[in-house]
Asks: 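Have a look at the structure that comes next, please.
Owing to the predicted nature of the structure, the values given are computational and were not obtained by experimental measurement.
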Amino acid sequence: MAVNLLGNSDADARVILNVGGQRFETLKSTLKKLPATRLSKLTEQLSYYDPILNEYFFDRHPGVFSQILNYYRTGKLHYPLNVCGPLFEDELSYWGLQREDVEPCCWMTYTKHRSTQETLSILDSLELDTVRSSRQEVIKKFGWDDNYEYVQGRLPKYKKMMMIIWQIFEEPRSSTIAKVVTVISIFFVLVSILSFVLQTLSMFRITEIDFVDVYINATATDRTPTLNRQQVHPIFDIIEWICNCWFIFEIIIRFIVSPNKKEFCKLTLNIIDFLATFWFTFTWILTKLNVNDNEALDLLSTIRIMRLFKLFNHHPGLKVIITSMKFSSSVLWLLIFFVLIAVAVFASLIYYAERMTTKHPDENMFKSIPDALWFNMITMSTIGYGDLYPKTMLGMLIGAVATVAGVLIIDLPMPIIVETFANFYTHLRARSKLPKTRRKIGHAETTVKKRTPISAVDNGQNLKLLGPATKSLMFGSKTILNNNMMSSMA
């Protein structure tokens, strides 16, 4: 680069920026368009100014800088598609720009990384890829990291045993013993539910028959069998007791070794496990006391089916489904709200339409608006049991419109929920393929020394740093400059 030593206005108005090895040249007036930014405060006293090459060097991303420099020129900041969002934000922060300056045409593409970061943070909180926590992580969960005994390296044996048992029951993939305990737990859950289902079959029930003496005539009687009640086969009681003994043992051990007893009691799965175990014991006592004739008690026994949700702790994909539903809760509530409004509107319309146009009141199937609500609910959800249906032309027309409206209302938000699940599951699959340990790059401790120009006072010491080509170029330029000055003076 030829340097004009006369310092005319054209040279003073230009500035050369070396960003990541790529040189950019612009006008100083261009950089003054955005005050209070890094480029608007360039002076030759800065450490990254090179007086020999007459340029400013920045060890930053040159591709992003091309868009930033274009922002100074045109006043429009566009997002480059070949860089990641966090990198672009870091570059904007370094150059003193605001992320809100990004143009609307690039805003959706630019903000996509934020949803990705939010998804990754949610997956991190679920700890789906955690196989075995380190000793320091477990101690931190128990709150023993500031304990004097731990600092001194003399952790009691009972605390060590609590840590080991906690990992066995709470981290299914942490060891071989933990995997065995997990298989046993899943086995008892499935056996308990299978037993609860099979005992409702008539082939597994024992019928108690009482014989009653019936008088045939004044002198003769006959023993007639009468159905008393049905009881479950005793083998199911044995199976239930074996399964619930395991459940009682498991929940007690997990409660004892839990780092936080209060949080343990708040977990939904633990509450379900406790209620199912308690209700089994309670109903068994009532059965032995012959007071278990209430169907409501049998209905509450179905809570043991909820133990199936314990399987969600052992499969990452099931956790992702629940997380996707929680993440899409706002869309789901909006869907339910619109469905209820549509059901109420069409129920009122079809009720009065059938009531006004039916010739014989006995032919009207919609005796009340709740009947119409039931019809519209199963119609808009495209189930259609056929127990209720309109018989008039106007009622059929309203029913057809309700069907189309139900399909549109229910199907339109579904892609949002599906996209949410696909986003979570795709990142989960990608994370499973990442290496467990990655190289960490530390900050380099370098001392930046400002380069000084060659002057007549250095006695030629700095000339040793330059090559022969640079020397000939410098002295040749100096000779031409002297000749031009002498000719102008003449």
Side-chain angles (χ1 to χ4, degrees), residues 165-166 168-173 175-214 222-258 264-265 267-315 317-319 322:
I165 297 176
W166 179 85
I168 290 175
F169 281 90
E170 300 297 338
E171 296 182 351
R173 296 176 291 172
S175 62
T176 303
I177 300 177
K179 294 179 181 179
V180 172
V181 171
T182 301
V183 171
I184 294 174
S185 179
I186 295 175
F187 171 76
F188 280 117
V189 169
L190 297 179
V191 170
S192 176
I193 295 174
L194 184 62
S195 172
F196 177 74
V197 173
L198 292 179
Q199 67 185 359
T200 59
L201 297 176
S202 59
M203 67 176 66
F204 295 112
R205 285 184 172 269
I206 300 176
T207 304
E208 294 183 1
I209 301 176
D210 292 338
F211 289 89
V212 180
D213 293 332
V214 179
D222 187 15
R223 294 178 62 85
T224 302
T226 59
L227 180 62
N228 185 7
R229 62 177 181 176
Q230 290 184 340
Q231 289 185 349
V232 181
H233 197 282
I235 190 64
F236 288 103
D237 289 338
I238 299 175
I239 294 175
E240 287 290 339
W241 268 111
I242 294 174
C243 294
N244 280 273
C245 285
W246 168 260
F247 297 144
I248 294 172
F249 166 78
E250 182 183 21
I251 196 170
I252 290 176
I253 294 297
R254 290 177 60 235
F255 178 78
I256 293 174
V257 301
S258 175
F264 179 85
C265 295
L267 293 177
T268 305
L269 293 180
N270 295 335
I271 295 175
I272 292 174
D273 203 5
F274 172 77
L275 291 178
T277 305
F278 168 76
W279 200 255
F280 165 76
T281 308
F282 181 69
T283 53
W284 182 82
I285 295 175
L286 293 181
T287 303
K288 295 305 178 183
L289 296 177
N290 295 325
V291 293
N292 190 21
D293 293 332
N294 193 348
E295 296 295 334
L297 297 178
D298 295 335
L299 178 63
L300 293 176
S301 298
T302 56
I303 194 174
R304 70 185 71 179
I305 300 290
M306 305 296 288
R307 283 200 180 104
L308 281 174
F309 286 103
K310 295 178 67 176
L311 302 179
F312 282 66
N313 289 334
H314 308 300
H315 197 284
L318 299 177
K319 278 189 176 182
I322 297 297

Asks: Any chance you could measure Ile305, atom CD1, to Ile272, atom CD1, to the nearest 0.5 Å?
Replies: 12.0 Å
Asks: Holding to ring pair (Phe, Tyr, Trp, His ring centres under 6.0 Å), I want the full list of residues that pass it with Phe274, two or more places apart in sequence or in another chain.
Replies: none
Asks: What is the distance from atom CG of Leu269 to atom CE of Met306, rounded to the nearest 0.5 Å?
Replies: 9.0 Å
Asks: Can you measure from CG (Leu275) to CZ (Phe278) and round to the nearest 0.5 angstrom?
Replies: 8.5 Å
Asks: Which residue pairs satisfy the salt bridge (charged side-chain N to carboxylate O under 4.0 Å, His left out) criterion with at least one member in residues 267-282, sequence neighbours excluded?
Replies: Asp273-Arg307, Asp273-Lys310
Asks: Output the distance between atom OG1 (Thr200) and atom CG (Leu198), rounded to the nearest 0.5 Å.
Replies: 7.0 Å
Asks: Not counting sequence neighbours, which residues clear ring pair (Phe, Tyr, Trp, His ring centres under 6.0 Å) with Phe264? List them please.
Replies: Phe255
Asks: Nearest 0.5 Å, what's the CZ-CD distance between Phe236 and Gln199?
Replies: 6.5 Å
Asks: Identify the heavy atoms of Trp166 and Val257 that sit nearest to each other, and give their distance.
Replies: CD1-O, 3.6 Å
Asks: OG1/Thr277 to CD1/Ile252 distance, rounded to the nearest 0.5 angstrom?
Replies: 9.5 Å
Asks: Does anything in residues 185-194 form a salt bridge (charged side-chain N to carboxylate O under 4.0 Å, His left out)? List the pairs, not counting sequence neighbours.
Replies: none
Asks: Applying ring pair (Phe, Tyr, Trp, His ring centres under 6.0 Å), can you list everything that pairs with Phe169, at least two apart in sequence or on another chain?
Replies: none
Asks: Between side-chain atoms of residues 189-197 and protein atoms elsewhere (two or more places apart, or another chain), which donor-acceptor pairs fall under 3.5 Å?
Replies:
residue, atom, partner, partner atom, Å
Ser195, OG, Glu240, OE2, 3.4

Asks: Mind running side chain to side chain contact (heavy atoms under 4.5 Å, CB included) on Trp241 and Phe280 for me, showing each step along the way?
Replies: CA-CA 9 Å; Trp241 268 111; Phe280 165 76; 3.9 Å; yes
Asks: Pair up each side-chain donor or acceptor in residues 177-188 with any protein partner under 3.5 Å, not counting sequence neighbours, and list the distances.
Replies:
residue, atom, partner, partner atom, Å
Thr182, OG1, Ala178, O, 2.8
Ser185, OG, Glu250, OE2, 3.3

